[in-house]
Amino acid sequence: MNAKLNSAGWIREQMRGVSCFTFVNCHSVDIKYTCSYYEFLKDLEEKVEHDWSAISASLEEIRKTVLSKNNCLVNLTSDGKNLKNSEKYVEKFLDMLPSTSPVASSPSWNRRIPSINEAIVIPKQVNYVGKTANVYETGYQFKGSAYVISKHISNTWLWDRVRVSGAEYGGLCSFDAHSGICSFLSFGDLNLLKTLDIYDGTSDFLRQLEMDDDTLTKAIIETIGNVESNQSPDFKGYRSLLGYLSGITEDERQIIHEEKLSTRLSDFHDFANAIDAIKDKGVVVAVTSPDYVDAANKERPNFFQVKKAL
């Protein structure tokens with residue numbers, strides 16, 4: 001879905017899709033079934049057998065492009081003494097890298113795939129249903145409360161309406177502060193259009209929501225525990241790298257943390273306007289069976305563009 005909304009999503013689809021389902025600890029499903037990558041793998045299999053020289057040349061070009069001193073960023077996590085002692089070895093390693101790259105300038109990555117509703121058809125009798133939109137395009141200004149709200153939507157509205165109604169692994173609402181993309185997803189779902197109707201009812205759910213202080217506090221604690229529980233040294237080091245790459249400082253991160261803690265019921269009501277973007281302008285992608293998509297397109301003519309993955 002993200003490949004339809006921004007370049008980062010397009011790149012991820014080209015490079016990170018996996019043509020299978022991965023089940024994680026029996027409680028959730030990580031589904032990465034992006035057809036572009038799947039089709040690339042089928043083509044690659046053919047070329048490996050009959051045109052290895054072209055594959056080898058491409059790999060060599062990638063190596064020369066990526067492994068250069070100008071493109072290198074080193075992130076180390078250690079105590080002060082060992083960090084200082086490692087500098088000479090890092091510098092020696094960097095000196096061994098070529099200083100030039102065959103790519104003269106950064107390519108333009110302003111790419112995405114068409115924003116159409118897609119049904120990726122596979123021989124499976126359950127569905128994986130997603131709908132997404134960029135809420136920043138509605139004028140929504142990010143606040144840390146968005147994380148609390150999306151988590152609460154997953155734990156209440158989507159659990160009650162999607163999980164209980166037939167999604168074996170449930171549903172979730174996710175929000176990406178960098179891109180503004182807010183998404184709904186269901187896993188192992190026995191419904192298709194019904195689930196999309198539930199997604200579209202989320203903004204009304206937020207507008208009508210009432211909760212006492214204890215429930216609000218629980219929602220905040222669940223969010224904090226979910227995203228900030230792992231504070232091991234390697235996690236802190238990796239987070240510092242992500243902050244450097246994305247331009248987010250520790251001061252800004254602290255502001256977001258405080259906004260989570262100060263989430264109010266009014267924030268839930270206000271966020272409903274942002275969720276309307278998914279209802280009105282959202283793009284849908286479903287991994288489904290032929291029977292489900294045929295029934296959906298019969299009820300809503302030409303709603304899905306059908307693509308057979310297998």
Side-chain angles (χ1 to χ4, degrees), residues 23-30 129-133 135-136 138 140-189 191 194-195 197-232 235-236 239 242 248 250-279:
F23 291 83
V24 182
N25 65 35
C26 298
H27 293 293
S28 63
V29 178
D30 179 21
V129 185
K131 189 171 184 178
T132 188
V135 300
Y136 287 165
T138 68
Y140 171 73
Q141 299 294 315
F142 169 69
K143 291 176 59 179
S145 59
Y147 292 116
V148 179
I149 297 166
S150 59
K151 180 71 173 177
H152 187 71
I153 290 171
S154 298
N155 290 346
T156 57
W157 173 251
L158 295 183
W159 176 268
D160 294 340
R161 299 304 181 96
V162 175
R163 172 67 177 87
V164 175
S165 295
E168 181 179 3
Y169 296 94
L172 63 86
C173 174
S174 67
F175 177 76
D176 179 30
H178 302 294
S179 65
I181 292 177
C182 191
S183 303
F184 296 121
L185 298 167
S186 71
F187 309 95
D189 199 341
N191 300 301
K194 179 181 177 181
T195 296
D197 290 338
I198 293 170
Y199 295 161
D200 291 345
T202 305
S203 55
D204 288 338
F205 161 74
L206 291 176
R207 289 189 177 96
Q208 299 167 13
L209 181 66
E210 297 293 338
M211 63 171 67
D212 56 31
D213 290 342
D214 288 343
T215 303
L216 178 58
T217 299
K218 180 181 178 182
I220 294 172
I221 292 173
E222 288 178 340
T223 304
I224 297 296
N226 184 61
V227 301
E228 300 183 15
S229 59
N230 187 350
Q231 295 294 318
S232 60
F235 174 80
K236 292 180 180 179
R239 189 179 72 173
L242 295 181
I248 298 177
E250 284 301 315
D251 288 341
E252 291 171 322
R253 198 181 299 276
Q254 181 61 31
I255 291 174
I256 295 172
H257 177 74
E258 292 172 358
E259 289 175 345
K260 294 175 187 176
L261 293 175
S262 61
T263 300
R264 296 291 180 264
L265 179 59
S266 59
D267 295 318
F268 286 80
H269 296 162
D270 293 341
F271 198 69
N273 294 328
I275 292 294
D276 277 336
I278 308 178
K279 175 182 178 181

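The first residue in the sequence is number 1, and the count goes up from there.
- When only modelled atom types and interatomic distance are considered, Asp214 and Thr217 share no side-chain donor-acceptor pair under 3.5 Å.
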*Evaluate the criterion side-chain contact (heavy atoms from CB on, under 4.5 Å) for residue pair Val129 and Leu185; output intermediate values, then yes/no.*
CA-CA 6 Å; Val129 185; Leu185 298 167; over 6 Å; no
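- Atom CZ of Arg163 is surrounded by more than 12 heavy atoms from other residues, nucleotides or ligands within 6.0 Å.
- Across every non-hydrogen atom of Ile248 and Arg253, the tightest pair is CG2-N, 4.3 Å.
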*Go through the steps to decide whether Lys260 and Ile224 satisfy the test side-chain contact (heavy atoms from CB on, under 4.5 Å), and finish with yes or no.*
CA-CA 8 Å; Lys260 294 175 187 176; Ile224 297 296; 3.8 Å; yes
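- For Asp212, the CG atom is densely surrounded, since the number of other residues' heavy atoms within 6.0 Å is greater than 12.
- At a threshold of 4.0 Å, the pair Glu250-Arg239 counts as salt-bridged, since one of the basic side-chain nitrogens sits closer than that to a carboxylate oxygen.
- Not counting sequence neighbours, Asp270 has no partner by the side-chain hydrogen bond (donor to acceptor under 3.5 Å, both in side chains) test.
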*Any chance you could lay out the side-chain contact (heavy atoms from CB on, under 4.5 Å) test for Gln208 and His269, step after step, and finish with the verdict?*
CA-CA 8 Å; Gln208 299 167 13; His269 296 162; over 6 Å; no
*Between Asp200 and Lys131, does a salt bridge (Lys or Arg N to Asp or Glu O under 4.0 Å) hold up when you go through it step by step?*
CA-CA 9 Å; Asp200 291 345; Lys131 189 171 184 178; 2.8 Å; yes
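- Heavy atoms only, all atoms of each residue included: Lys279 and Ser203 are closest at CD-OG, 4.4 Å.
- Relative ring orientation between Phe142 and Phe175 is described as parallel, the plane-to-plane angle staying below 30° on a 0-90° scale split at 30° and 60°.
- Checked for salt-bridge contact, Asp276 and Arg207 meet the test: a charged N lies under 4.0 Å from a carboxylate O.
- Phe187 and Tyr169 have their aromatic ring centers separated by at least 6.0 angstrom.
- Side-chain contact, Trp157 with Thr202: a donor N or O sits under 3.5 Å from an acceptor N or O.
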_From CA spacing to verdict: side-chain contact (heavy atoms from CB on, under 4.5 Å), Ser165, Lys194_ = CA-CA 9 Å; Ser165 295; Lys194 179 181 177 181; 3.9 Å; yes
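- A 4.5 Å side-chain heavy-atom check between Glu259 and Asp267 finds every atom pair outside the cut-off.
- In this structure, Phe205 has its ring center at least 6.0 angstrom away from the ring center of Tyr199.
- In this view, Tyr136 satisfies the ring-ring contact (aromatic ring centres under 6.0 Å, His included) rule with no residue, not counting sequence neighbours.
- Residues passing the side-chain hydrogen bond (donor to acceptor under 3.5 Å, both in side chains) test with Glu210, sequence neighbours excluded: none.
- Looking at Ser183 and Thr132, their side chains do bring a donor and an acceptor atom within 3.5 Å of each other.
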